[in-house]
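Numbers for residues simply follow the sequence, beginning at 1.
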Amino acid sequence: MAGGWAQDGAVNEQIEASIQDELARLKARAQPVGESLTECAECGEPIPEARRRALPGVKLCIECQNARDHRFKARAGINRRGSKDSQLK
């Protein structure tokens, strides 16, 4: 049961909207285009044929891509939905 001014299910709707926003952001990320490299652009190791066929335009080997994907990326912790709780902090 929701209390205050929130409608029933408001929290779940906000969570779902945040998940959809994040999925849309991930889908919008630039994908490699063009011809794949045979050697990694960062370390020079050979890129396996299966990876080149699976990801056209790939420029990095799996290890370098994993390292790039796991680098820290600071993101704003702003609640764009404007809930009262986030405005009180």
Side-chain angles (χ1 to χ4, degrees):
M1 181 171 101
W5 293 302
Q7 296 177 356
D8 289 340
V11 173
N12 286 336
E13 289 174 12
Q14 187 175 15
I15 292 169
E16 283 295 321
S18 296
I19 291 170
Q20 293 304 319
D21 288 348
E22 187 66 13
L23 289 173
R25 187 188 69 79
L26 290 173
K27 287 179 182 177
R29 283 179 24 182
Q31 296 296 319
V33 291
E35 192 171 329
S36 297
L37 298 179
T38 56
E39 294 180 352
C40 178
E42 288 189 7
C43 70
E45 290 293 318
I47 298 174
E49 176 67 26
R51 179 168 171 76
R52 289 185 277 141
R53 276 189 272 121
L55 297 169
V58 72
K59 308 287 187 233
L60 301 175
C61 67
I62 294 171
E63 291 81 16
C64 291
Q65 187 65 55
N66 280 338
R68 182 175 282 191
D69 290 345
H70 288 97
R71 288 183 191 150
F72 175 76
K73 296 176 188 167
R75 294 188 53 211
I78 298 171
N79 181 352
R80 294 172 298 178
R81 305 249 181 262
S83 72
K84 267 181 54 176
D85 290 341
S86 67
Q87 294 172 8
L88 296 174
K89 291 180 182 179

Could you check if a side-chain atom of K59 sits within less than 4.5 angstrom of a side-chain atom of E39, using non-hydrogen atoms only?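 No, too far: nothing below the 4.5 Å cut-off.
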
Please tell me if the side chains of I47 and V58 come closer than 4.5 Å, counting only heavy atoms from C-beta onward.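 Yes. Closest side-chain heavy atoms under 4.5 Å.
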
Applying side-chain contact (heavy atoms from CB on, under 4.5 Å), name anything that partners E42, two or more places apart in sequence or on another chain.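 E42: side-chain contact (heavy atoms from CB on, under 4.5 Å) contacts with C40, L60, C64, R68, R71.
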
Can you confirm whether the side chains of Q65 and D69 place a donor and an acceptor under 3.5 Å from each other?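 Checked: Q65/D69 side chains pair up, N/O donor to acceptor below 3.5 Å.
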
